[in-house]
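One-based numbering, in listed order, for ligands and for the atoms of each. Position 1 is the first residue of the sequence; numbering continues from there.
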Amino acid sequence: MPLLNTASETQPEIAAWRRSLHSRPELLFDVHETAKFVAEKLTAFGCDEVVTGIGRTGIVGLIRGRHGEGPAIGLRADMDALPITEATGLPYASQVPGRMHACGHDGHTAMLLGAARHLCETRNFKGSVAVIFQPAEEGGGGGREMVEDGMMERFAIRQVFGLHNEPGVPVGRFSIRAGSFMAAYDEITITVTGRGGHAAMPHQTIDPIFIGAQIISALQGIVARNTDPVDALVVSITKFHAGDAMNVIPPSAELAGTVRTLSKDVREAAETRIRATVEGVAKALGGAASLDYVRKYPVTVNHEAETQIAIAAARDVMGEGSIETEAKPIMGAEDFAFMLEARPGAMIFIGNGDTAWCHNPEYDFNDEAIPVGVSYWVRLAEMLLKP
Ligand code: NI
């Protein structure tokens, strides 16, 4: 069965919702207008339950099938935008300076709304579909908050599925893999303490900038010398702040960055080695350093059985050759990982065509992908909840 006829017929209407959301981007948990838009639509479609305020501003719409009682599945979209000033010049570009839907969450929300409407109208399944709209995907942990708020238990969700667009991949193509698909994301802050003084008399100081530079170099040694070459580890120092004057060695320096891993073991080992390296290098050079290591998002792990169902649904919509089933893992992170820790499920990528990459001020979600995403959601639900 190819694209749903209704998904193609309603594409212009769903694209209009998407563009309306695009022009009014909201950040993190402050997605009040977006959430209101979503809740009103779900109510109008005739969802059996529309519950707002889950994980602060998250929403779940519950749709019961017409073939009797059964387990529920969760289909999840994200609603938040990014603190970026849009540079697309599009007629429906962001009306809010410094905020932009630069990751396509406007498209994800619109497609899941389109699927919800179709599922409300047809209800050709046994059990229930919970359509999940989460806030704060971009670093705020909105997915974790919805899980901690008891969403899975409240709606008796047995399996969960996520979707994200992928620029550079043709519209109509999917990619997925079983196992680790996206990285764990951690944040590190390093405070180096030395002794300030005259820049012309470095021997009377303990230079925290010199120590910081050695720490940066040594951290790459953890990737190159301590980690199995076939495992993945990224350590990126992205901030180095110290000093105010040309002729003064400052007393301290602050470095910060991110650590990405694809397995629990590598993540554990990385934290241990980073701490030892930071403290040891600073000590060897006469100073001191402390590490603040914050675990943000876990590894996004696709479960085997659910990945196979997602593959079958994608093939059913777009054909045998439409999906890359052994996609390379991505070192970006996904808040959906928290939902996959709570319930088995799978995250899939759908092609966004030849557009700028996500988080770029020139990026735009591709409305041509709407019928593909809507059809995928509907087919996935009908396959999982076959009467
Ligand atoms: Ni995103």
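Under the 30°/60° scheme for interplanar angles, the aromatic rings of His22 and His101 are found to be tilted. Between His105 and His164, the ring-plane angle classifies as perpendicular under the 30° and 60° cut-offs.
Under 2.8 Å from the Ni ion (ligand 1) lies an N/O/S atom of His105, whether from backbone or side chain. The distance from the Ni ion (ligand 1) to the nearest N/O/S atom of Cys103 is under 2.8 Å.
Residues Met151 and Gln134 have side chains not in contact (no heavy-atom distance under 4.5 Å, counting atoms from C-beta outward).
Ion pairing of Arg123 with Asp48 is present here, as a side-chain N (NZ or NE/NH1/NH2) and a carboxylate O approach within less than 4.0 Å.
Checked against the Ni ion (ligand 1), the N, O or S atom of His164 at the shortest distance is NE2.
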